[in-house]
Amino acid sequence: METAGETAPAPAPAPAPAPEKSWGDKVSEAVLSVYRRLPKKGKPQGREVTVLAAFIVSSPLQELKVISMGTGTKCIGRSRRSSKGDVVNDSHAEIIARRALLRYLYSEIQHVYDTHAHSNGSVLCDDAENFMFHLESDSLGPKRLKMKHEWQLHLYISQLPCGVASSSSELAFLHDNPAKKGDMMCSSMQLSYSEGESLGYTAMNNGCIPMAFGTVMRKPGRGDTTLSVSCCDKIARWNVVGVQGALLSYFLEPIYISSVTIGKSHIASKTSIIEDDMRRAVYERLLPLSNKLMDPFQVNKPLVFVAPMPPEEFQHSETALTTLTCGYSVCWNKSGLHEVILGTTGRKQGTSAKGAMSPSTESSLCKKRFLESFLSLSRNCLGEHAFVGNSYRELKEKSQEYNLASETFKGSSNFNNWFLKPQDFEKNIVSVVGAKWKYLKKRVTTTTYVTWLLFLFLVIVSALLFAGWIDLAKYSSYFYKKVANPPMRPQILQYPLDCNAWDKTNTCPRTYPTSYKPLKPNNSTCPEYFRWIHEDLRHWRNTGITREMLEKSKKYANFRLIILDEKIYVERYEKYSIQTRHLFTMYGIVQLLRWYPGKLPNLEIMFDTNDRPVIPAKDFRRPDSGPPPLFRYCSDWQSMDIVFPDWSFWGWAETNIRPWRSMIKNIKQGNKRSSWKDRIPFAYWRGNPNVSPIRKDLMKCNVTHQHNWDTLLYIQDWKDQSQKGYKESNIEDQCTHRFKIYVEGWAWSVSEKYIFACDSPTFYITPHYYDFFMRGMIPQQHYWPIRDDDKCKSLKFAVQWGNNHTDKAEAIGKAGSEFIHEDMKMERVFDYIYHLLNEYAKLQKFDPIVPQNATEICSESLACPSDGVWRKFMEEALEKSPSYTDPCILPPPYEPQQLKAFVEQKVKATKQVEACENEYWSSLNKKD
């Protein structure tokens with residue numbers, strides 16, 4: 001009871017709420033908690049120290065889950081590297097953790113597909129909370145798993161990774177402690193292969209060398225020199241190509257690290273220094289690549305956090321000389337992997353000298369084991385489309401998108417001294433399991449196929465003999481031969497698809513004529529651009545084309561095509577072909593055989609249906625270097641690929657674009673709907689800007705409240721158009737603007753011929769690539785050139801000029817359109833292919849042979865099994881009768897002075913336009 005003047009005692013203060021843990025605290029606690037639960041095997045003992053790294057995922061609930069972990073500081077010397085891929089070359093913690101992560105991803109992908117197979121696909125919906133991935137379904141491309149938007153991948157390292165980040169920290173420390181300078185170890189790297197050493201390695205600039213920031217570094221080591229790139233450089237590379245690697249890129253979209261958390265150390269304890277060093281090392285060096293990468297690749301910018309100083313076993317001394325590092329690497333992941341690797345041998349702990357090379361000593365993280373995992377996953381998930389029997393190198397090379405991103409990265413100024421392996425170094429890494437699978441599969445398939453054909457043949461012959469439909473007497477007379485090949489009048493008779501015959505026998509019908517006599521001769525000379533056939537083949541003019549050269553092209557090709565005795569055979573390879581390009585390309589060559597029966601020579605070619613050229617001219621400058629002949633749809637001035645008309649001339653089913661004969665008729669009708677001067681007086685473009693940086697840059701030229709560049713630019717969503725039945729994407733409906741813009745995509749663009757076919761002037765943005773006809777077109781005559789480095793101003797000037805010089809602009813539009821409608825009509829396209837193949841065959845120094853795995857193709861074998869719009873377009877593109885004329889006459893090759901004059905004419909015309917542009921903008925600036 002209170003009395004006057006007294007007060008009750010104050011209540012005890014409530015305890016202060018615990019401060020919320022920082023991100024670095026949360027990550028390090030999660031990682032160290034998992035590490036402590038692991039057995040002691042492989043961990044540092046006594047005074048030994050090591051480095052710890054781990055990959056963590058955060059779920060939509062922000063829960064942190066450690067999924068892989070690695071420790072270690074060792075690399076094997078170059079003398080211990082194995083071309084068989086049976087050792088782990090780099091056992092630094094970051095690399096072990098990443099390879100353990102790949103193992104986890106293999107199991108995760110398998111789990112997703114297994115569950116998907118038993119749940120009618122429902123597991124791949126976004127509400128499947130237990131999975132990191134969902135199916136990235138694009139109707140125009142391959143289906144791959146993609147990390148869900150809400151999930152993120154994080155990296156923890158107990159100290160700054162080796163390389164430029166830790167070097168800069170050491171340099172900062174040494175600046176304050178000059179007495180320590182003698183202890184610093186560093187190594188810059190410029191590595192290449194030479195023929196003078198057994199493994200072909202040549203190391204330069206070893207030792208402690210002053211180096212500019214950004215140079216690729218080799219990991220330091222004592223004794224046998226290592227050839228492993230520093231962890232900083234590898235993490236930087238992951239920020240371009242993703243952590244999933246080349247093989248998993250077949251199944252996964254790129255996976256990028258969202259954050260990197262670094263533990264403090266005695267050397268680098270200031271948070272600001274650690275964050276700045278990491279940003280410079282793994283991100284800022286990549287900034288020059290920002291506009292050079294193609295979707296889905298990008299320059300990733302992970303957040304950088306600092307964690308508390310780790311336990312003593314991860315605290316290194318201030319100098320390498322006083323640090324006793326643990327020789328083992330622990331590798332662990334959440335899917336059940338746990339093993340210990342001896343870092344100096346790259347094999348499992350406990351390997352005896354007697355069994356040092358035994359397969360039982362191979363780590364699950366070596367390349368050989370990864371190849372086996374990939375092939376196993378491929379068989380389980382892809383079935384009959386699985387990859388089998390390929391070497392590690394071949395499979396990596398076939399991951400084209402990944403390789404292009406990697407080449408872009410290694411070609412940048414900060415990374416152009418990256419260590420490159422010789423092309424044949426990883427070809428010895430093969431899977432025994434994969435080889436056995438391929439052999440058994442082939443053997444079973446061949447045996448079953450032959451037995452079935454023999455049985456079917458006997459049944460059919462017996463039935464026909466019994467019915468009296470076969471007269472054996474005729475087989476001994478000349479009369480039968482004469483009846484089997486009757487003289488035909490191909491200019492009158494038509495030969496539609498004979499799917500009834502195909503369905504009964506699955507063999508190509510023999511009813512189509514094998515020769516023809518044209519109704520009228522053709523004395524006309526082919527268009528001027530045909531002369532580039534000679535230029536494309538000049539690389540083999542002196543040496544001819546040997547089988548050895550041809551076989552070099554195989555690794556790039558989607559298929560080998562053989563023409564032998566008026567039959568066409570194809571050997572298909574496992575390299576991914578975009579959509580059905582390969583199918584319609586083959587169909588086009590089959591139609592050429594129908595168009596000119598009896599005129600095609602025997603030959604063998606290799607064809608790559610992907611976009612960009614792959615045969616660099618710089619690699620074959622010697623006269624006897626023997627460049628591989630490879631056909632594709634486009635090339636550039638630094639490559640030797642042979643250009644060939646693209647697949648869409650026979651239809652592009654995936655975008656509902658009909659065969660070329662139909663399209664140019666429709667576009668011609670579209671041109672008549674309005675006169676040129678009545679059209680909208682702006683420059684028009686519609687397409688997908690996400691396929692290339694140059695297109696993304698073009699979109700900046702669209703009309704906004706701040707700027708009016710006299711352009712109308714629209715994004716084409718092909719997926720949306722497919723759902724709407726392509727009602728808004730008819731090409732013949734797009735000849736409604738005075739000016740049309742052509743810009744390249746991932747490489748040259750199929751849209752080129754359709755844009756030119758409208759009789760509006762084409763504003764042609766400076767290209768990097770060319771196709772088979774574009775080299776014959778001339779600036780100011782067939783198109784108006786646009787700068788690629790200042791597009792908006794260049795387009796604005798072009799529109800202003802065209803609207804003020806309507807007669808001249810209209811004439812350019814008509815000349816370009818006439819070039820397409822006359823010099824590029826389907827008859828001329830066939831003539832181009834005919835002459836290209838004939839000139840190629842003249843250079844061939846070997847007799848074509850039909851490989852064992854090749855199959856005969858014809859119109860029926862390609863069209864009859866197809867359905868939907870694919871079947872519709874093939875029937876529409878079918879040549880039902882041979883040509884009524886001979887091919888046009890191929891013009892002779894350019895003389896050197898002629899070619900020089902032609903090229904100079906184009907350059908001069910372009911520079912005239914640029915000079916006018918400069919004068920126009922200069923005069924406007926003076927007025928301002």
Side-chain angles (χ1 to χ4, degrees), residues 21-35 44 49-58 64 66-73 90 92-98 100-101 152-174 186 213-214 217 219-220 229-239 243 256-286 300-318 320 323 325 329:
K21 293 181 180 179
S22 68
W23 177 261
D25 289 329
K26 292 178 181 179
V27 170
S28 63
E29 285 182 10
V31 172
L32 291 172
S33 175
V34 173
Y35 177 79
V49 295
T50 190
V51 176
L52 173 65
F55 282 94
I56 309 100
V57 291
S58 57
L64 295 181
V66 181
I67 57 176
S68 73
M69 181 180 293
T71 67
T73 62
D90 188 344
H92 277 220
E94 299 91 325
I95 311 309
I96 294 294
R98 186 254 180 177
L101 170 67
Q152 292 182 326
L153 182 69
H154 312 278
L155 172 62
Y156 168 83
I157 313 172
S158 60
Q159 67 175 39
L160 282 167
C162 68
V164 293
S166 56
S167 295
S168 58
S169 295
E170 289 174 4
L171 289 171
F173 176 84
L174 293 170
C186 62
F213 179 80
M217 297 180 71
K219 291 180 176 175
V229 176
S230 75
C231 290
C232 280
D233 295 319
K234 290 187 177 181
I235 295 171
R237 186 167 179 255
W238 301 342
N239 280 329
V243 298
Y256 292 107
I257 299 168
S258 296
S259 73
V260 181
T261 301
I262 306 295
K264 292 182 179 179
S265 70
H266 296 293
I267 298 175
S269 59
K270 292 183 180 179
T271 297
S272 60
I273 293 178
I274 295 175
E275 292 175 344
D276 290 345
D277 287 343
M278 279 302 295
R279 275 193 291 267
R280 283 196 298 266
V282 303
Y283 168 65
E284 291 180 2
R285 291 192 293 164
L286 304 171
N300 178 55
K301 183 181 180 181
L303 299 174
V304 179
F305 298 96
V306 177
M309 195 171 296
E312 287 187 3
E313 60 191 293
F314 307 115
Q315 295 179 22
H316 290 227
S317 301
E318 294 176 359
T323 298
T325 54
S329 287

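Values in this document were obtained by computation on a predicted structure and should not be read as measured data. Side chains are part of it too, since the values below use all heavy atoms of this structure and drop only hydrogens, waters and symmetry mates.
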Drop me the distance from [X]'s [atom1] to [Y]'s [atom2], to the nearest 0.5 angstrom.
X	Y	atom1	atom2	value
Ile274	Gln159	CD1	CD	10.0 Å
Leu303	Met278	CG	CE	12.0 Å
Glu284	Lys301	CD	NZ	8.0 Å
Thr71	Ile96	OG1	CD1	8.0 Å
Cys162	Asp233	SG	CG	8.5 Å
Asp90	Ile95	CG	CD1	4.5 Å

Item to check | Trace of the side chain to side chain contact (heavy atoms under 4.5 Å, CB included) decision for Phe305 with Asp25 | outcome: CA-CA 10 Å; Phe305 298 96; Asp25 289 329; over 6 Å; no
Do [X] and [Y] come within less than 4.5 Å of each other through their side chains, counting heavy atoms only?
X	Y	value
Pro308	Ser28	yes
Val27	Ile56	yes
Lys219	Val229	no
Leu153	Ile67	yes
Tyr256	Pro302	no
His316	Thr325	yes
Val304	Ser259	no

Next on the checklist: Let's go through Ile235 and Leu155 carefully: what are the C-alpha distance in whole Å and the side-chain angles of both, what is the deciding distance for side chain to side chain contact (heavy atoms under 4.5 Å, CB included) to 0.1 Å, and is it a yes or a no?
Outcome noted: CA-CA 10 Å; Ile235 295 171; Leu155 172 62; 4.1 Å; yes
Shortest non-hydrogen contact from [X] toward [Y]:
X	Y	value
Ser329	Gly72	OG-CA, 3.4 Å
Val49	Gln315	CG1-O, 3.4 Å
Val66	Ala54	CG1-CB, 4.3 Å
Pro161	Cys231	CB-CB, 3.9 Å
Gly70	Ala93	O-CB, 3.5 Å
Ala307	Gly24	CB-O, 3.5 Å

Checklist entry - Is the centre of the Tyr156 ring less than 6.0 Å from the centre of the Tyr35 ring? => result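 Between Tyr35 and Tyr156, which both carry aromatic rings, the centre distance is not below 6.0 Å.
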Next on the checklist: Exactly one of Val51, Ile157, Thr50 should register a side-chain contact (heavy atoms from CB on, under 4.5 Å) with Phe314. Which one does?
Outcome noted: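 Of Val51, Ile157, Thr50, side-chain contact (heavy atoms from CB on, under 4.5 Å) with Phe314 is met by Thr50 alone.
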Checklist entry - Counting only N and O atoms by type, is there a donor-acceptor contact under 3.5 Å from the side chain of Ser158 to the main-chain atoms of Leu52? => result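 Yes, Ser158 side chain to Leu52 backbone: donor-acceptor pair under 3.5 Å.
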Next on the checklist: Is it the case that the side chain of Asn239 and the backbone of Val282 share a donor-acceptor pair, with hydrogens and angles ignored and the cut-off at 3.5 Å?
Outcome noted: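 Present.
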Item to check | Leu286/Asn300 under side chain to side chain contact (heavy atoms under 4.5 Å, CB included): CA gap, chis, key distance, verdict | outcome: CA-CA 9 Å; Leu286 304 171; Asn300 178 55; over 6 Å; no
Checklist entry - Between Trp238 and Arg98, does a side chain to side chain contact (heavy atoms under 4.5 Å, CB included) hold up when you go through it step by step? => result CA-CA 10 Å; Trp238 301 342; Arg98 186 254 180 177; 3.6 Å; yes
Item to check | Set of side chain to side chain donor-acceptor pair (under 3.5 Å) partners for His92, sequence neighbours left out | outcome: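 Partners of His92 under the side chain to side chain donor-acceptor pair (under 3.5 Å) test: none.
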Next on the checklist: Tell me every residue that passes side-chain contact (heavy atoms from CB on, under 4.5 Å) with Ser258, counting only those two or more places apart in sequence or in another chain.
Outcome noted: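 Partners of Ser258 under the side-chain contact (heavy atoms from CB on, under 4.5 Å) test: Gln152, His154.
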